[in-house]
2 protein chains.
Amino acid sequence: MSESARGGRRRTTGRTPSQRGGARHERIADELRRAIADGHYPVGATLPSEAELATAHGASRGTVRQAVSALLAEGLIGSRQGARRVVLSTTPSQTFTELRSFAQWARAGGRTAGGLVVASDWDTARPEEAGLLQVPHGAPVLRVLRVRTLDGEPVLLERTVYAEWIGTAVDGLPADCESVTQRLHDDSGLVFAHGEHHIDAVAAGTADAEHLGVRRGSPLLRVRRTTTTADGRPVETSDDRYRPGSVVFTVRNSTQTNPLARTRA
Amino acid sequence: MSESARGGRRRTTGRTPSQRGGARHERIADELRRAIADGHYPVGATLPSEAELATAHGASRGTVRQAVSALLAEGLIGSRQGARRVVLSTTPSQTFTELRSFAQWARAGGRTAGGLVVASDWDTARPEEAGLLQVPHGAPVLRVLRVRTLDGEPVLLERTVYAEWIGTAVDGLPADCESVTQRLHDDSGLVFAHGEHHIDAVAAGTADAEHLGVRRGSPLLRVRRTTTTADGRPVETSDDRYRPGSVVFTVRNSTQTNPLARTRA
DNA sequence: GCCCGTCACCTGTATGGACAAGCTCGATTC
DNA sequence: GAATCGAGCTTGTCCATACAGGTGACGGGC
C-alpha cells in the first residue's frame, strides 16, 4: 500500500512542483499540529512512531523527522531517544507574521483591530536608534506614534522608528491604516523576516496614560523590538506598551529548543 | 585533503562512540556559535556554504545542515533558498538550564545569586493549580515563597507550587539553598525538560512591595511558568515577579522559527 | 514475589545521492 | 550606459540505508 501510494504520486524522482500546502514535511507537520490542537493527541499522549508516520504518509523517515522536528522546535512535543514522542502542549504557536502584525493577530483570534496614527514626523536618528537600525548617526528617520485598539478598546501604544528607505513608503499610508505590515507587503513587496524582542515592565508616563486610558504610574508591559528583512537589513525599531490584562506573551522552551533569554537590564 | 580527513577519522561506518563535545553536528554548531559570538562573523556577514563547511569538518552535507538548522532555530542566522546564510544576531541564547535556574543564570553572567525561603507550607491545590500540575482537585501541594537576590539586591519574588511527589524533596532543603534546581538534580536525579512561560505586567501588592523594596503599586514584570519533565509530567508552577530595571526577557523569532505567542489575557 | 536480563522497538546520528528552485554576478546585447 | 540573459553556485526537499544507544515490556531465575 505504501507501494501504490508512492508509485502513484509520481515516479520521476523529485516531487510534484507546487502541491497544495507546500513541501511534504510541512504538510505532515500541519496534520500533526491539527491533530494535537483537535485533542486527538491530548497532553501526555504519545505520537505514532516515525516508521508508522512514514508509511501512513508514504514518505521516508527523514521527511517525517523533518516534520516532527518542527513541532519539537515549537515546544509542542518532547522527544527522548528510545521513547516515543510525548505531547507537551496543545496550544498552537503563531506564525511570525501573526506575531509581527497586530492586525493579523487580532483577525486570527476573531477580534477586530483598529489603529490610529497620533503623530508622524521626520527626525534624525538618536545614537541608540542609529545602532539598532544600522544607519549613520543623525540619519533621517520617520517617527510614528500609533494607538492600537482591540474590539474598540485601546490596548497598545506603539512608538515606531522607521529607516529612511522604508519610511517614505510608510509616510504615504492613511492615518487609520489597519495593518501597516499588510500594506507594505502588498505595495512594496517588503517581507519582515526576523525580530528581536526585549520584554520588561514600566510605569505609564503622562502620554501613555492619556492614550491608553489608564492612570499615570500604572504598570505597562513594554516590548522593545527590532525587525529586519531576510538578509538582515533592519527595517524598524519600536517601543510597544501594552495595557495590562489585555495581552499576555507566551514562550515555550525546553532542553531541545530555547529561544528565550533573560538578560540584565 | 577532505579525502584524508574523512578516511583517517574512521572508516567502519558509525561514528566514534563518545567523542568530546557530543555529536558531530553539535560540535559543528558549537564552533559556528563561537565564531559568531567572537565577531568572526559580524551581523550581516554570510556564512560559508554547506559544501565548504562539510569538507572543512569532514562531514556530510546532511550533518552540516543539522548544525546550521540549530542556529536557525535559535534565531542567530537567517536562511533563504539560493542565497548564503546571513548572521542576524550575535548574542548567544541561553541553555534551558540557565533559563530555568536563577542561580545558574546568575553564575553564567558572573554575578552572585542568593535566595531565601520566606514561607513554605503544605496546602491543597486550588482548581487552577490542579489543572496546571495535572493533579486531582484538593491534592496536597507544597507552596513556597522565595526571595531571590542578585549581587545582594532583591530582584525577584517567587511563589512556587510543587506537586506532592517532588514537594517532599523540596521540603527538606535548607531555607537559604542557592539553587533548588541543582539540588534536585543532584539528590533525586530530576531533570526539568520543558517550560511554558506567560509574561505580563502587574502592580506590586503589599507583600511584593515589602520583599522587593519597591513602593506598592509600582510596575512588576510577572512570569507565570509551569515546568515539566521530559515525559510531560508537571513538576512545579510558579508566579515570578521581577523588579523592573533588573531583568529583561529577550525573544528572537523569525519566519523560520517562532516560539513566541501573544495571547489574550 | 521480586529482581534482573533479554529483546523488540524506537529515536539519534551520519552518509550519499539526486533533483528542484532561487540567487548572484558576469557577459552579452541593445 | 542600461537592461537582459544565462551559467554556476547555494539552499531546499526527498529518498534509502546503516548503526548506535536508550526504553520498556515480557519472562525466567532466584
Side-chain angles (χ1 to χ4, degrees), chain A residues 2-3 5-7 9-19 21-29 46-55 57-72 77-86 189 191 193 229-232 255-256, chain B residues 2-3 5-7 9-19 21-29 46-55 57-72 77-86 189 191 193 229-232 255-256:
Chain A
S2 91
E3 187 52 281
R6 282 189 45 224
R9 194 167 47 78
R10 100 255 93 118
R11 56 189 212 313
T12 56
T13 167
R15 77 175 192 297
T16 334
S18 60
Q19 208 149 357
R24 175 168 329 203
H25 69 86
E26 282 247 35
R27 275 179 290 144
I28 298 176
T46 57
L47 255 48
S49 75
E50 292 177 3
E52 284 167 10
L53 288 172
T55 61
H57 289 88
S60 77
R61 192 162 82 101
T63 306
V64 170
R65 280 185 68 80
Q66 231 175 320
V68 295
S69 75
L71 305 210
L72 200 67
I77 61 176
S79 190
R80 300 139 64 206
Q81 184 174 1
R84 289 208 173 184
R85 276 171 253 261
V86 178
V191 287
T229 60
D231 50 354
T255 48
Q256 275 113 14
Chain B
S2 92
E3 185 53 279
R6 284 191 43 225
R9 194 167 48 78
R10 94 262 96 114
R11 45 173 229 322
T12 56
T13 167
R15 76 172 194 296
T16 336
S18 59
Q19 209 149 357
R24 180 181 299 224
H25 69 87
E26 282 245 36
R27 273 181 291 145
I28 298 175
T46 58
L47 254 49
S49 74
E50 292 176 2
E52 284 167 11
L53 288 172
T55 61
H57 289 87
S60 76
R61 195 179 150 221
T63 305
V64 170
R65 280 184 68 80
Q66 228 175 322
V68 295
S69 76
L71 304 212
L72 201 67
I77 61 176
S79 191
R80 301 137 65 202
Q81 185 173 5
R84 287 204 175 188
R85 276 170 254 260
V86 178
V191 288
T229 60
D231 50 352
T255 48
Q256 274 113 16

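Owing to the predicted nature of the structure, the values given are computational and were not obtained by experimental measurement. Proteins get letters first, then strands, A, B, ... in listed order; numbering begins at 1 in each. All values below were derived from every heavy atom in this structure, side-chain atoms included, with hydrogens, water molecules and symmetry-related copies excluded.
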Next item on the list: May I ask you to evaluate whether A/Ser49 reaches the phosphate of C/dC9, defined as a side-chain N or O under 4.0 Å from OP1 or OP2?
Entry: no

Check: Which one, C/dG12, C/dT15, D/dT10, comes nearest to the side chain of B/Arg24?
Finding: C/dT15

Item checked: Which residues share a side-chain contact (heavy atoms from CB on, under 4.5 Å) with B/Glu52, sequence neighbours left out -> B/Pro48, B/Ser49, B/Arg84

Notebook entry, point to check: Think A/Thr63 has a side-chain N or O under 4.0 angstrom from the OP1 or OP2 of D/dC15?
Noted result: yes

Check: Between D/dC14, C/dT15, C/dG12, which nucleotide has the shortest distance from any of its atoms to the side chain of A/Ser60?
Finding: D/dC14

Next item on the list: Please name the pair of heavy atoms, one in A/Ile77 and one in A/Val68, separated by the smallest distance, quoted to 0.1 Å.
Entry: CD1-O, 3.7 Å

Margin query: Using whole Å, what does the distance between atom C1' of nucleotide C/dT11 and atom CZ of A/Arg65 come to?
Written below: 6 Å

Item checked: d(CD, B/Glu26; P, D/dA20) in whole Å -> 20 Å

Next item on the list: For A/Arg85, report the nucleic acid contact type (base, sugar-phosphate, nothing); a contact means any heavy atom under 4.0 Å.
Entry: sugar-phosphate

Check: Between atom NE2 in A/His57 and atom C1' in D/dC15, what is the gap in whole Å?
Finding: 17 Å

Checklist line | Set of side-chain contact (heavy atoms from CB on, under 4.5 Å) partners for A/Ser69, sequence neighbours left out | finding: none

Item checked: Nearest-Å distance for atom pair CG/P, residues B/Leu71 and D/dT11 -> 13 Å

Check: What is the distance from CD of A/Gln66 to P of C/dG12, rounded to the nearest Å?
Finding: 14 Å

Check: What string of B, S and - do you get for nucleotides 22-27 of chain D, 5' to 3', when a contact is any protein heavy atom under 4.0 Å?
Finding: BSS---

Next item on the list: Check the distance between C/dT15's P and B/Arg61's CZ and give it to me in whole angstrom.
Entry: 13 Å

Item checked: Value rounded to 0.5 Å, distance of CZ in B/Arg85 from CG in B/Leu71 -> 9.0 Å

Next item on the list: Please tell me which of B/His25 and A/Glu50 maps to the more 5' nucleotide of DNA chain C, matching each residue to the nucleotide holding its nearest heavy atom.
Entry: A/Glu50

Next item on the list: Check side-chain contact (heavy atoms from CB on, under 4.5 Å) between A/Thr63 and all other residues, then give those that pass, not counting sequence neighbours.
Entry: A/Arg24, A/His25, A/Ile28, A/Ala59, A/Ser60

Checklist line | Separation of atom CD1 in A/Ile28 from atom C1' in D/dT13, rounded to whole Å | finding: 12 Å

Next item on the list: Report the distance from atom CD of A/Gln66 to atom CD of A/Glu26, rounding to the nearest 0.5 Å.
Entry: 9.0 Å

Margin query: Whole angstroms only, please: what is the CZ-P distance between B/Arg84 and C/dC25?
Written below: 11 Å

